[in-house]
Amino acid sequence: MVSNTSTIIEQSLDALLDDQSFLPELSGETRRKAFTSLTSILSTPNHIHKSFLRIALEDGKVTRIPAFRVQHNNIIGPYKGGIRFHESVEEEEVSNLAALMTLKNALHEVPFGGGKGGVVIDPRKFKVKELNQICRKYVQYFSQIIGPEKDIPAPDVGSGEREMDWMMGEYKSIHPGMKYRGSFTGKSVVNGGSLGRRQATGKGVYFSLRYMLHDFTKDKYKWLNERDNIFAKTVLNHKDKSLKIAIQGFGNVGSVVAAEANKCNFLNNKVVAVSDRNVTLHNSDGLDIPELIKYTKSNNGELPIDEESLEEANVKATICDRDDLLTMDTDILVMAALGGQIHQENMKQIKAKIIVEGANAPITGEADSYLSEKGIVVIPDILANAGGVIVSYFEWLQGRETQFYSEEQVYEKLYDKMQHTFETVYPQYFGDAFPLRQNCYIHSVMKLSTILFKQGKLY
Ligand code: NAD
């Protein structure tokens, strides 16, 4: 696994190796050996499962579709992570995303390990019956390695509630008489899904920003002012300012972030640009987010692409090229589309001073280092976009207890859990100038290492 994730895991372990106050029971040669073991455990997945799903297409042809399930680590609990349906899915990326899930769950104290799945298809090119067959075959092929206490998949890019319902149904047929509700999360509410699951990631992403710029800054204003820390200066420069937000991606995550920003009374912010796979829409006075959401709901999730459709949507905006959004003159950039969007070629043109990662790994390693050196605050994926897995955990719990929470209760519990993490990592970030991503990784790695050590797995 060669990626930003594995590099930061190694850097975090190097920092901890030198810190004798961490696991003081380990010293000298024993300590060095234990840390070598830790590096290999955390940098490699426990299992990589690969299969070819044999699917009969409606035109009579038969095709074999590559599919993966990577189980990275389960020291904290059953493997957990989404199944991505995308034509670019490949083993290495799925492995990196599985590792990120292990770290994310450890950071937010969700009692799950990390896993990830992928199916190499463009789901828009398949008929509904074919997709149903793909989902059911996925469960049949991996039926022995998934389950409520083993590995619990969820939706990811290209998959959603419908696919999770089909998959749970197939799991139930294959394992008659066994507990099945907790085998998949992200299901429809009628099938045991949690209220608020669809909104959870976007709500959490916006909360990570609001908590930093409002709650934390207000509470720690004097302390932040006294810090000789470039990130503290960036945040203070944005306090009480009128903030312009641009959001890349207007799907499940991006549209909820936009709606949250639009109704937030704590920050003086407006969404001035949004983009999707086709277009960027810009209005320096602020876009009409409720109208855009209404339009996308009845237009296959897509934003208006020309003057006629803007008029139909009743929205005033300038139509720009899709990637223009990234380099627009805004204060905050929310990444809610795909991985690898800010990279070596465009990192120097980024004008936003605060970036929030709703997508997983939207910034490459080089760009991440460059942005941090410039004092740009990056609220990383591991911290910001955990709302989905946190509410998935609530879904799993509700399925187990067959007791269901109201939508308000779900959000209250979500914010409590995320706030607990922010209270741990934000003071460290503004205190010692490690980038926030590394601070979060150090925290996760400490938790995982301690458990591995206490279970006698380091030798
Ligand atoms: P989605 O499919 O609902 O929306 C994706 C959006 O991105 C769409 O508007 C699409 O048009 C747009 N898009 C695609 N390519 C683009 C491009 N090149 N430029 C601009 N926009 C582009 O997906 P989602 O559920 O909103 O997830 C978005 C990201 O967040 C994904 O990377 C996903 O892995 C990550 N994420 C999602 C969740 C969740 O619970 N949904 C949880 C954690 C992480």
Side-chain angles (χ1 to χ4, degrees), residues 80-89 93-94 96-98 100-101 104-105 108 110 114 116-118 122-124 153-164 185-187 193-194 196-206 208 246-259 273-281 292-293 295-297 299-305 320-328 333-343 346 356-363 379-395 414 418:
K80 178 99 192 77
I83 306 175
R84 180 167 291 195
F85 283 25
H86 198 274
E87 65 274 25
S88 70
V89 162
E93 190 199 19
V94 180
N96 290 330
L97 291 168
L100 181 61
M101 287 306 297
K104 197 182 287 181
N105 289 332
H108 293 276
V110 173
K116 202 83 183 181
D122 175 354
R124 287 170 304 170
D156 197 81
V157 176
S159 60
E161 232 171 69
R162 179 184 66 176
E163 287 73 18
M164 295 307 110
T185 61
K187 308 180 293 288
S194 177
R197 168 63 185 86
R198 196 189 62 74
Q199 296 87 339
T201 304
K203 282 197 171 259
V205 168
Y206 187 75
S208 70
I247 303 173
Q248 188 196 41
F250 203 70
N252 200 0
V253 179
S255 67
V256 173
V257 174
V274 296
S275 69
D276 69 0
R277 70 182 85 248
N278 305 312
V279 75
T280 286
L281 300 179
L292 281 176
I293 292 177
Y295 179 88
T296 53
K297 274 195 180 143
N299 286 278
N300 228 0
E302 314 234 307
L303 290 167
I305 49 164
C320 310
D321 286 346
R322 184 188 72 187
D323 295 340
D324 287 356
L325 175 130
L326 295 172
T327 53
M328 281 178 169
L333 188 53
V334 178
M335 308 297 292
L338 304 170
Q341 295 297 296
I342 301 181
H343 43 71
N346 63 7
V356 195
E357 294 187 337
N360 288 317
I363 305 177
I379 308 185
D381 46 13
I382 182 172
L383 186 64
N385 75 15
V389 73
I390 293 173
V391 175
S392 277
Y393 164 51
F394 299 155
E395 177 175 340
L414 167 68
M418 291 190 82

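Note that ligands are numbered from 1 as they come in the structure, with each ligand's atoms numbered from 1 the same way.
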Exercise. Do any N or O atoms from the side chain of N346 and from the backbone of Q341 form a donor-acceptor pair under 3.5 angstrom?
Worked result: yes
For this session: Applying salt bridge (charged side-chain N to carboxylate O under 4.0 Å, His left out), name anything that partners K187, two or more places apart in sequence or on another chain.
Result: E395
For this session: Determine yes or no for a side-chain-to-main-chain donor-acceptor pair under 3.5 angstrom, with D276 supplying the side chain and N278 the backbone.
Result: yes
Exercise. Who are the side-chain hydrogen bond (donor to acceptor under 3.5 Å, both in side chains) partners of N105, not counting sequence neighbours?
Worked result: none
For this session: Would you check ligand 1 and list the protein residues that come within less than 4.0 Å of it by any heavy atom, ordered by chain and number?
Result: R84, D156, V157, R197, T201, Q248, G249, F250, G251, N252, V253, S275, D276, R277, R322, A336, A337, L338, G358, A359, N360, N385
Problem set entry | Residues in salt bridge (charged side-chain N to carboxylate O under 4.0 Å, His left out) contact with D381, at least two apart in sequence or another chain | R437
Problem set entry | Heavy-atom closest contact (G388 atom, R197 atom, distance) | O-NE, 3.4 Å
